[in-house]
Amino acid sequence: MTERQPFCLEEATIAELHAAIQAGETNCVAVVRQYIERARAYNGVASLLVTEGGAAIPEATGTVRAGAALAFPTSTVQAATIFPDLDEYHGPPLEFGRMEATASDPSVDQQYGMIVGADAGQLNALSTLNIRGERSVTCKGEFDRHPSEGPLPPRAPPVCEEFRHLPDALERAAELDARYGRNPDLAQMPMYGVVFSFKDPFDTKDMRTTAGGDAAYDIDFPAKDHILVEQLRNKGAIIFAKAVCTEYNGRAGNPGGRHTPDQVLPSTLGYQRSSWGGNPANVYDTTRAASLGSSSGSAVSVSANLVMASLGEETRASTRGPANHNAVALILPHKAMLGFIGGAIGADLYCDRSGILCRTIADCARVLDALKDPGSGYYDPRDPWTTVPRASVLGTPYASHARGSGEAGALQSMRIGIIRESMLVRPGERATVPICGAAAAEIKSVLAERLGAVLVESIDPLWPPDPDLEQMQPDFRRALTRLVPVFMPDLLFRLGPDGTPLFKEFAAAIRPTEFLPGKVFGGGAMAPIDYCVELAEGRIAPPQNLDIATIQQQELANTFRFQIPQYLGRRAADWRARGFSETLTDFGALNRRSKFWGDDGRAAFRNWEEVEEPRNRLGGRQGVDERIMLRELLRRLDMMVLLENRLDALVRLHTPLPPAKIGGAHDPLGGPGNLRLETFYGPNAGLTEVLIPAGYVTTVWDPVFRLSEDRKRYVPAPAEASTSLPAPGLPFSLVFRAEPGREDVVLKIASAYEAASRRRIPPPNFGPLSRS
C-alpha cells in the first residue's frame with residue numbers, strides 16, 4: 001500500500017482543495033499555515049535604490065510581514081549605469097533613491113525615489129497579511145492582543161478593543177475546521193477554505209486599507225467590508241492579505257495646477273508601487289515589471305502560489321496587465337456587473353471595475369458565481385454603476401460555461417474574429433516581433449487547426465492578410481466611418497499635441513470651422529455635417545488614422561477629486577455610527593498626512609486638492625462627456641463587427657511588448673507606461689474580457705536611455721541587440737471578449753483554448769518549499 005502524499009498546495013484548484021479537505025488530506029489551518037510559510041519565504045523586498053554614487057546605505061527595517069520585519073537591501077545601483085552621460089545632464093533635479101520613515105508609522109522605513117528590480121528571489125506581492133499584531137498600524141502589536149490574553153495596554157486606541165475581536169486568517173481557519181471538519185456545505189460555502197488576496201483599495205474590516213497610500217488615518221482599517229469581500233467571507237473564504245498595488249489605482253494622473261515636483265523621475269516604468277507597501281516584481285524575472293497595470297500584487301500572489309485567488313481592479317490596464325505579465329487567468333466582467341467604488345477608492349469612476357484572478361479560468365468563474373448575493377444579485381447600493389440591465393447577467397452559473405473541452409473540433413461551430421490591430425509591428429520595429437509572431441501562430445494553430453473554429457481577421461495596412469483566413473467585412477475601420485458621425489462626431493474636431501487637427505483629411509475637406517474656441521481650421525468647401533453624411537455613406541475616403549487606436553485617447557476627467565472626499569466621508573461616517581472618530585475626511589487632510597514615493601505624486605495630489613469643478617475647462621475638451629460617448633461608440637462598434645461578420649466572439653493579443661525592466665526605458669512607441677492605445681478598447685467600452693496565458697518568449701529587445709539633444713531629459717531609444725532569456729521566458733496572453741450577456745460563449749471559447757493549449761508554466765524560482 002503506497003503512503004498517502006501530503007496535499008500539494010502549489011497550483012491546486014478550488015475543486016482539488018475541496019476534495020483534499022473532504023478526504024482528510026488537509027484542513028483550513030494547514031492551508032493557511034502553508035501560505036504564511038510561502039509569504040515568509042518569497043514576499044520580501046524586491047527592489048534596489050538607485051543612488052547618485054551607488055554607495056551602500058545603512059541597514060533599515062520596514063513593517064512586519066509573516067512574523068518578521070522587512071529587511072531592505074543595503075547595496076544600491078549607481079544612476080550612471082542606467083542613465084548615460086549623467087554628468088552632462090542639465091534638466092530638473094533627479095529624485096535619487098533613499099530610505100525614509102513612513103508617514104503611517106514613523107518607526108518603519110520604506111524606499112522613496114528611484115528604484116530598479118532586484119534579482120533576490122523575492123516578490124513583494126502582499127503588503128499586509130491578516131495576522132494578529134501586524135494587520136494594522138492603528139492596532140499594532142500588543143494593541144491587537146487576542147481577547148483571551150487579557151486587557152489591552154492602557155495606551156491602545158479605543159477602536160482596538162473592537163478590532164481584536166475579529167479573528168485573523170489562522171483563527172478564522174480554525175473556526176471553520178472546528179465547525180465543519182471534513183464536511184463543509186459547499187453549496188452554501190463554495191469558497192470554503194479558499195485563501196484570497198485583495199488589491200488594497202478593497203475595504204477589509206480586519207486589515208489596513210489605504211488604497212496603497214502611505215496615509216496616517218486615525219483608524220487605518222474601515223468599519224465594514226467591501227460588498228464583494230463580504231460575499232466571499234460569507235461563502236467561506238479566508239480573507240488573507242492585501243496585495244501591493246500602484247497607489248490609488250495608478251496614481252490618478254495630474255489635473256495640472258500650480259504645484260510641480262521639486263525633483264523628477266526619468267522613469268516610472270515597472271513602478272506598480274505603493275508608498276506603504278513598496279514595489280512588486282515579476283514572477284518570471286524579478287528585475288522586470290510585475291504588470292502594465294496597478295493590480296500587480298494580485299496577479300503576482302496568485303501566480304507564485306502565495307494565495308489561491310485574488311480580486312483586483314481595472315481602470316484601463318490594471319488587471320489584464322498583471323494577469324498577462326504573470327501568466328494567470330482573468331475574468332474582467334463588464335462595467336459594472338461587479339461593483340468597485342461602493343467600498344473602495346477608484347481612479348476614474350467611469351472605467352474602474354473589479355476583476356477576478358486565478359490560475360485557471362474555471363476557478364475565476366467559480367469565484368464570480370460566489371460573489372453573487374442570493375437576494376440582490378451583484379447590485380451594490382453604494383455603487384451606482386451596478387445598476388446594469390438584469391438581462392446582461394447570466395441566469396446560469398458562470399462556472400457551468402467554463403468547462404470547455406480541449407478536444408479536437410471542440411469549437412467547430414464557432415466563428416471568432418481576430419483583432420489584428422492588437423499585434424501590429426511598425427516598420428523597423430523589433431521589440432514587438434517575438435510576441436506578435438508567437439501570438440499569431442498560437443491563434444491559428446490552437447483555435448483553428450485544433451479546436452476547429454473559423455477565424456475571421458480584421459484588416460490593417462500594417463498587417464499582411466492571411467490567405468487561409470476570411471477578412472472582416474466590415475472591419476473596425478469601415479465600421480468606424482459609419483458610426484463616428486452618429487455617436488461621436490466630436491472626434492473629428494480633435495486637435496493633436498501640436499495644436500493642429502488630428503484628422504488632416506477632415507480639416508482639408510471642410511470649410512474654415514472653429515474646432516475649439518479661437519482655433520479655426522479648414523481648407524475645403526464642405527460643411528462639416530455634410531462631410532459626416534458622406535463619410536457615413538462611404539462616398540469619401542476616411543482619414544487614414546481613423547482607427548481603433550487613435551480614438552482611445554481621452555481628456556483627464558476630474559472624477560478623482562469627487563471620489564476621494566466621497567470615499568473618505570463615507571468611511572468616517574461609518575465609524576461615527578459606531579461611536580469612533582476618523583478625522584482624515586477630505587483631500588486636504590489626506591495630503592497633510594501622506595507621503596509619496598515620488599515627488600511628482602505629491603505635486604499631483606496637491607493639484608487635485610485644488611480642483612473645484614466636476615467639469616474640465618470651459619471651451620475645452622470634456623473628460624466626462626468623452627468617456628460616455630466613447631463607451632457608446634465602442635460598444636456599437638463591437639456589435640456591428642460581430643453581427644455583420646456573424647461572429648461569436650473576438651480574440652486579441654493583450655500586449656505586443658514583454659514585461660520591461662523596472663526603472664528602465666519605455667518602448668518608444670508605447671509611452672511612459674508601455675501601453676499602446678489599442679489596448680484601452682475593452683476598458684473604455686466596459687466590455688467583459690477573459691484573459692488566458694498563451695505562451696512565452698525567450699528573446700526580448702529592451703530599450704535603453706539616451707540623453708536628449710538639449711541635455712535636459714532622458715528619452716528612450718530602441719535596443720541595438722536582443723537579450724536571450726532562460727526558459728520558460730516571459731509570458732503573453734490572449735484576450736477573448738463579446739457583448740454583455742454573452743459571457744457563456746466567451747467562457748466556452750476561452751476554457752476550450754486553455755484546455756487545449758495548457759500554456760501556463762508555474763514560475764520556476766518560486767516552487768514548493770522543502771517539507772523537511
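The chain is numbered in sequence order, starting from 1. Computed over heavy atoms, backbone and side chain alike; hydrogens, waters and symmetry mates excluded.
- For the 3.5 Å distance criterion, the side chains of His401 and Thr396 qualify, holding a donor opposite an acceptor.
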Residue pair Ile356, Leu330: steps toward the side-chain contact (heavy atoms from CB on, under 4.5 Å) verdict
CA-CA 6 Å; Ile356 303 163; Leu330 166 73; 5.5 Å; no
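- Counting heavy atoms from C-beta outward, Val456 and Gln471 have side chains that stay 4.5 Å or more apart.
- Residues Tyr192 and Asp177 share a closest heavy-atom pair of OH-N, 3.9 Å.
- Nearest heavy atom pair, residue Arg359 against residue Leu9, reads NH2-O, 4.4 Å.
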Evaluate the side chain to side chain donor-acceptor pair (under 3.5 Å) criterion for residues Asp383 and Thr386: first the C-alpha distance (whole Å), next the side-chain angles of each, then the deciding distance (0.1 Å), finally the verdict.
CA-CA 6 Å; Asp383 186 346; Thr386 58; 5.1 Å; no
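- Centroid-to-centroid, the aromatic rings of Trp385 and Phe340 stay 6.0 Å apart or farther.
- Using modelled atom types and a 3.5 Å distance limit, the side chains of Thr246 and Gln272 yield no donor-acceptor pair.
- Side-chain contact check for Leu338 versus Leu228: some heavy-atom pair is nearer than 4.5 Å.
- With a 6.0 Å radius and a threshold of 12 heavy atoms from other residues, nucleotides or ligands, Lys748 has its NZ atom at or below the threshold.
- Using a 4.5 Å heavy-atom threshold, the side chains of Pro333 and Ile331 count as touching.
- Using a cutoff of 4.0 Å between basic side-chain nitrogens and carboxylate oxygens, Glu313 and Arg353 are not scored as salt-bridged.
- Taking the six-membered ring where the residue is Trp, the centroids of Tyr696 and Tyr284 are separated by under 6.0 Å.
- Of the charged side-chain nitrogens involved, none lies within less than 4.0 Å of a carboxylate oxygen, so that Asp648 and Arg415 do not count as a salt-bridged pair.
- Counted by atom type alone, Gln552 and Asn684 present one or more donor-acceptor pairs between their side chains at under 3.5 Å.
- Side chain to side chain, Arg182 and Asn27 fail the donor-acceptor criterion of an N or O pair below 3.5 Å.
- Counting only distance, with no hydrogens or angles, the side chain of Arg320 and the backbone of Thr679 share a donor-acceptor pair below 3.5 Å.
- Here the shortest heavy-atom pairing between Cys245 and Ser296 reads CA-OG, 4.2 Å.
- Taking each heavy atom of Pro389 and Ser392 in turn, the nearest pair found is O-OG, 2.6 Å.
- Salt bridge status for Asp225 with Arg233: present, with a side-chain N to carboxylate O gap under 4.0 Å.
- A donor-acceptor contact closer than 3.5 angstrom links the side chains of Ser303 and Arg760.
- Summarising the local packing, CD of Glu407 is surrounded by 12 or fewer heavy atoms from other residues, nucleotides or ligands at distances under 6.0 Å.
- The distance from the OG atom of Ser733 to the CD1 atom of Ile692 is 8.5 Å, given to the nearest 0.5 Å.
- Looking at Val641 and Asp475, their side chains never come closer than 4.5 Å, going by heavy atoms from C-beta outward.
- Side-chain atoms of Gln22 and Asn183 include no donor-acceptor pair closer than 3.5 Å.
- Judged by distance alone, with hydrogens and angles left aside, the side-chain atoms of Ser422 form no donor-acceptor pair with the main-chain N or O of Arg652 at under 3.5 Å.
- Counting only distance, with no hydrogens or angles, the side chain of Asp363 and the backbone of Cys358 share no donor-acceptor pair below 3.5 Å.
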Could you go through the side chain to side chain donor-acceptor pair (under 3.5 Å) check for Arg316 and Gln554 one step at a time?
CA-CA 12 Å; Arg316 289 187 180 83; Gln554 297 174 340; 2.6 Å; yes
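- Judged by distance alone, the side chains of Thr319 and Ser295 never bring a donor and an acceptor atom under 3.5 Å apart.
- A distance-only check finds no donor-acceptor pair linking the side chain of Asn645 to the backbone of Leu647 [under 3.5 Å].
- Proximity of a side-chain donor or acceptor of Tyr35 to a complementary backbone N or O of Val31 within less than 3.5 Å is not detected.
- Between Glu632 and Arg636 there is a salt bridge, since a side-chain N of the basic residue sits under 4.0 Å from a carboxylate O of the acidic one.
- For Lys242 and Ser127, the side-chain atoms include no donor-acceptor pair closer than 3.5 Å.
- Among all heavy-atom pairs drawn from Ala329 and Glu754, the shortest one is CB-OE2, 4.3 Å.
- Contact check for Pro693 versus Val328: no side-chain heavy atoms found under the 4.5 Å cut-off.
- Listed for the Arg450 side chain is no donor-acceptor partner under 3.5 Å among the backbone atoms of Gly409.
- For Gly342 against Asp380, the heavy-atom pair with the smallest separation is CA-OD2, 3.6 Å.
- A salt bridge between Lys444 and Asp468 is present, with a side-chain N of the basic residue lying under 4.0 Å from a carboxylate O of the acidic one.
- In this structure, the side chain of Asp348 does not engage the main chain of Thr315 through any donor-acceptor pair within 3.5 Å.
- Taking a cutoff of 4.0 Å between a charged side-chain nitrogen and a carboxylate oxygen, Asp352 and Lys335 do not qualify as a salt bridge.
- Using a cut-off of 4.0 Å between Lys/Arg side-chain N and Asp/Glu carboxylate O, Glu230 and Lys205 are scored as not salt-bridged.
- Listed for the Arg482 side chain is no donor-acceptor partner under 3.5 Å among the backbone atoms of Met640.
- Counting heavy atoms from C-beta outward, Ile341 and Gln563 have side chains that approach closer than 4.5 Å.
- Remark: the Asn305 side chain and the Glu11 side chain contain an N/O donor-acceptor pair separated by less than 3.5 Å.
- Remark: of the listed residues Val690, Val746, Leu691, Val690 is the sole one forming a side-chain contact (heavy atoms from CB on, under 4.5 Å) with Ile361.
- Side-chain contact of Tyr753 with Glu442: a donor-acceptor pair under 3.5 Å is present, judged by distance alone.
- Panel note: side chain Tyr379, backbone Met337; no donor-acceptor pair is recorded below 3.5 Å.
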After noting the C-alpha distance and the side-chain angles of Thr360 and Thr13, does the key distance pass the side chain to side chain donor-acceptor pair (under 3.5 Å) rule?
CA-CA 8 Å; Thr360 68; Thr13 65; over 6 Å; no
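- Of the possible donor and acceptor atoms, one in the side chain of Asn282 sits under 3.5 Å from a partner among the backbone N and O of Ala289.
- Within a 6.0 Å radius of CD in Gln188, no more than 12 heavy atoms belonging to other residues, nucleotides or ligands are found.
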Check step by step if side chain to side chain donor-acceptor pair (under 3.5 Å) holds for Thr688 and Glu743.
CA-CA 7 Å; Thr688 297; Glu743 287 79 9; 2.6 Å; yes
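- A donor atom on one side chain and an acceptor atom on the other are found under 3.5 Å apart for Glu421 and Ser458.
- By the 4.0 Å N-to-carboxylate-O rule, Glu739 lies too far from Arg635 to be salt-bridged with it.
- Between the side chains of Glu457 and Trp463, at least one donor-acceptor pair of N or O atoms lies under 3.5 Å.
- Between the side chains of Ser318 and Ser294, at least one donor N or O lies within less than 3.5 Å of an accepting N or O.
- Side-chain atoms of Glu10 and Pro762, non-hydrogen and from C-beta on, never get closer than 4.5 Å to each other.
- Judged by the 6.0 Å distance and 45° axis criteria, Arg737 is positioned over the aromatic ring of Tyr681.
- Atom CE of Met207 sits about 4.5 Å away from atom CG of Asn130, to the nearest 0.5 Å.
- For an aromatic pair to be called close, the ring centres must be under 6.0 Å apart, and Phe196 with Phe240 fails this.
- The shortest side-chain heavy-atom distance between Leu292 and Asn324 does not fall under the 4.5 Å cut-off.
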